[in-house]
**Q** 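Quick one: the structure is below, and I'll ask about it shortly.
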Amino acid sequence: MKNEILFKCNYSNNDAKNELYSKIVEERNYIGYYNLPEQNIDEILEFADDFDDSIENIVVLGIGGSSLGAKAIYEFLRPVKSLKRKLYFFESTDPLNIASTLKELDINKSHFLIISKSGSTVETISIFKYIYAPNPDANSYTFITDRDSNLDKFAKSIGSKRLYLPSNVGGRFSVLSPVGLIPLALCGVDIKSLLSGAKDVSDSFFKKQDIYEPIMNKAHYYAKHSRCYIINCTFAYTETLKYFSEWYVQLWGESLGKKQKNAVCNTGLTPIGLIGPKDQHSFLQLIMEGKTDKTVTFIKVANFEHELYIPPITLKHLESLDILNNVPFHKLINMQSDSVLEALKDTEDIPLDEIIIDRVDENSIGSLIYYYELLTSLVGQLLGVNTYDQPGVEAGKIILKDKLTKV
Ligand code: PA5
């Protein structure tokens with residue numbers, strides 16, 4: 001994975017840069033996600049190897065950090081890998097969604113993963129109740145939660161399999177823990193390669209190699225200009241990263257949008273996940289000529305490993321588009337990305353950078369995920385927020401509980 005920064009953002013103050021690096025090294029001692037690329041995954045691999053062959057569907061019941069990461073990786077790999085099992089998600093209390101997803105499933109060929117760090121999330125537990133009531137076979141369920149959570153205690157009481165995520169790994173940073181690795185391994189995703197991609201970025205950063213300068217400079221710029229460049233767009237030129245965008249939006253938004261004690265106003269950077277070329281016909285106009293409050297990160301796949309050529313035919317009245325003849329689609333999509341990038345560069349006031357991932361595989365998505373987690377931590381440090389909590393979502397939960405008590 002490469003990251004090229006195309007705007008002037010050099011961290012001129014070396015002491016400040018070293019201080020930020022030291023803070024991240026320090027955080028690594030107590031924030032668990034940093035070390036997930038090096039975790040022991042024997043138990044996960046064994047669990048996946050011994051899994052019942054008659055099971056065709058793995059069904060995740062989880063929300064936010066407990067589902068978005070696995071979904072992003074699964075949907076990224078799905079077009080290129082023939083996976084062993086299908087992965088389904090119940091993430092919403094929308095009755096139409098619950099009913100239609102259930103309709104697609106043969107319950108006898110499905111295994112349910114109930115994933116919740118806290119073990120008490122309304123969405124997850126309500127959907128679990130709905131599925132469990134008519135299907136109370138404990139062997140149909142595996143629970144992934146914090147050790148000793150109420151969900152853990154419940155799972156123990158019915159004799160279901162339980163797996164744990166490290167207590168110091170937060171929800172939205174948990175995709176490389178059992179939260180993401182179990183569903184993915186059961187579907188046949190190469191989780192070793194996923195972690196090795198993440199480790200490449202981790203090593204590169206902590207050994208101050210290739211990724212160090214661009215990510216430090218970018219974080220510095222984002223934080224320093226957080227009051228004028230308030231929106232950070234990713235513009236990924238591949239449909240495979242559609243759900244990665246959702247994961248990014250949660251990671252960035254929930255980590256950096258925080259109340260600032262004693263400050264004039266709160267802080268936060270707004271994430272937008274765009275997909276090219278589709279969003280060229282939509283959001284691009286706003287970037288190009290709207291308020292200059294957005295940074296844009298182009299994400300490109302270097303090698304699609306898929307040769308699909310546009311046939312050299314001439315269409316009456318459309319002769320001017322013969323320039324498309326014989327052009328392979330993988331070239332076309334990357335040329336589209338380059339062209340938009342060049343056009344934006346000409347405006348001179350939109351901070352741009354480009355991330356190039358090698359191919360659509362486990363290693364690349366592992367790298368991209370870790371890169372964004374690290375960038376979030378760096379910007380969080382610089383903004384002076386607690387990147388890992390989310391007190392702002394509690395108020396609504398309390399009101400809901402109150403309403404439910406009165407029902
Ligand atoms: O990042 C977070 O901590 C949250 O978004 C959680 O992932 C989300 O609220 C789901 O929580 P839980 O895994 O406890 O069910």
Side-chain angles (χ1 to χ4, degrees), residues 27 30-34 36 59-74 89-94 98 112-132 141-155 160 162-184 243-259 268-271 273 369-370 372-377 379-380 385-401 404:
E27 255 193 27
Y30 57 93
I31 297 295
Y33 91 82
Y34 287 109
L36 290 175
V59 189
V60 170
L61 273 63
I63 195 165
S66 289
S67 67
L68 290 171
K71 194 173 188 180
I73 296 171
Y74 176 75
F89 293 87
F90 282 97
E91 302 169 280
S92 170
T93 44
D94 172 350
I98 296 172
F112 295 86
L113 301 176
I114 321 306
I115 310 183
S116 174
K117 181 173 171 65
S118 62
S120 58
T121 300
V122 162
E123 293 84 350
T124 308
I125 303 301
S126 58
I127 299 165
F128 172 64
K129 282 184 179 219
Y130 186 73
I131 292 172
Y132 179 69
Y141 304 94
T142 295
F143 292 79
I144 303 171
T145 182
D146 264 353
R147 195 181 285 278
D148 291 331
S149 72
N150 287 336
L151 189 62
D152 181 32
K153 290 176 192 156
F154 165 78
S160 285
R162 294 164 290 150
L163 289 148
Y164 303 111
L165 66 156
S167 59
N168 62 355
V169 172
R172 57 192 170 275
F173 288 85
S174 69
V175 50
L176 301 177
S177 79
V179 166
L181 297 183
I182 289 284
L184 294 168
Y243 290 95
F244 170 82
S245 295
E246 281 194 12
W247 173 84
Y248 156 70
V249 166
Q250 188 220 8
L251 180 75
W252 203 246
E254 214 174 14
S255 300
L256 303 177
K258 298 284 155 73
K259 218 172 207 162
L269 285 162
T270 302
I369 293 247
Y370 198 89
Y372 267 97
E373 291 179 335
L374 192 52
L375 184 66
T376 307
S377 295
V379 176
V385 298
N386 180 349
T387 309
Y388 308 102
D389 68 359
Q390 55 283 329
V393 301
E394 292 309 317
K397 288 187 193 169
I398 294 167
I399 297 172
L400 174 67
K401 282 217 168 116
L404 286 169

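If you read the sequence from its start, that first residue is 1, and numbering goes on from there. Counting starts at 1 for both ligands and their atoms, following the listed order.
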**Q** Considering only heavy atoms of Gln390, which atoms of ligand 1 have at least one such atom less than 4.0 Å away?
**A**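 Those of ligand 1 that fall under 4.0 Å from Gln390 are 2 (C), 3 (O).
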
**Q** Heavy-atom contacts with Ser116 under 4.0 Å: which atoms of ligand 1 show up? List them by number with element.
**A** 12 (P), 13 (O), 14 (O), 15 (O)

**Q** For Phe154, does the CZ atom sit with more than 12 other heavy atoms under 6.0 Å from it, leaving out its own atoms?
**A** yes

**Q** Please report which non-hydrogen protein atom sits nearest to atom 2 (C) of ligand 1, along with the residue it belongs to and the distance in Å to one decimal place.
**A** Arg172 NH1, 3.5 Å

**Q** Does any donor atom in the side chain of Glu123 or Thr93 lie under 3.5 Å from an acceptor atom in the other side chain?
**A** no

**Q** Hey, which atoms in ligand 1 end up nearer than 4.0 Å to a heavy atom of Gln250?
**A** 1 (O), 4 (C), 5 (O)

**Q** Would you call the rings of Tyr370 and Tyr33 parallel, tilted or perpendicular, where under 30° means parallel and over 60° means perpendicular?
**A**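 The rings of Tyr370 and Tyr33 sit tilted, inter-plane angle from 30° to 60°.
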
**Q** With a cut-off of 4.0 Å, which atoms of ligand 1 are near a heavy atom of Gly65?
**A** 5 (O), 6 (C), 7 (O)

**Q** Could you tell me whether atom 9 (O) of ligand 1 has a protein heavy atom closer than 4.0 Å?
**A**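 Neighbour list for atom 9 (O) of ligand 1 is empty of protein heavy atoms (cut-off 4.0 Å).
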
**Q** Could you list which atoms of ligand 1 come closer than 4.0 Å to a heavy atom of Thr121?
**A**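 Numbered from 1, ligand 1 contributes 11 (O), 12 (P), 14 (O), 15 (O).
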
**Q** Which of the atoms in ligand 1, numbered in the order shown and given with their element, are less than 4.0 Å from a heavy-atom of Ile63?
**A** 7 (O), 8 (C), 10 (C)

**Q** Could you tell me how the ring of Tyr248 sits relative to the ring of Phe244: parallel (under 30°), tilted (30 to 60°) or perpendicular (over 60°)?
**A**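 Parallel: the ring planes of Tyr248 and Phe244 meet at under 30°.
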
**Q** Which of the numbered atoms in ligand 1 are under 4.0 angstrom from any heavy atom belonging to Ser66?
**A** 7 (O), 12 (P), 13 (O)

**Q** Distance under 4.0 Å to a non-hydrogen atom of Glu254: what atoms of ligand 1 satisfy this?
**A** 1 (O), 2 (C), 4 (C), 5 (O)

**Q** Just how far is it from atom OG of Ser149 to atom CZ of Arg162, taken to the nearest 0.5 Å?
**A** 9.5 Å

**Q** Determine whether the aromatic ring centres of Phe128 and Tyr141 lie less than 6.0 Å apart.
**A**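 Yes - the distance between ring centres of Phe128 and Tyr141 falls below the 6.0 Å cut-off.
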
**Q** Going by side-chain hydrogen bond (donor to acceptor under 3.5 Å, both in side chains), Arg172 matches just one of Gln390, Gln250, Glu373. Which one?
**A** Gln390

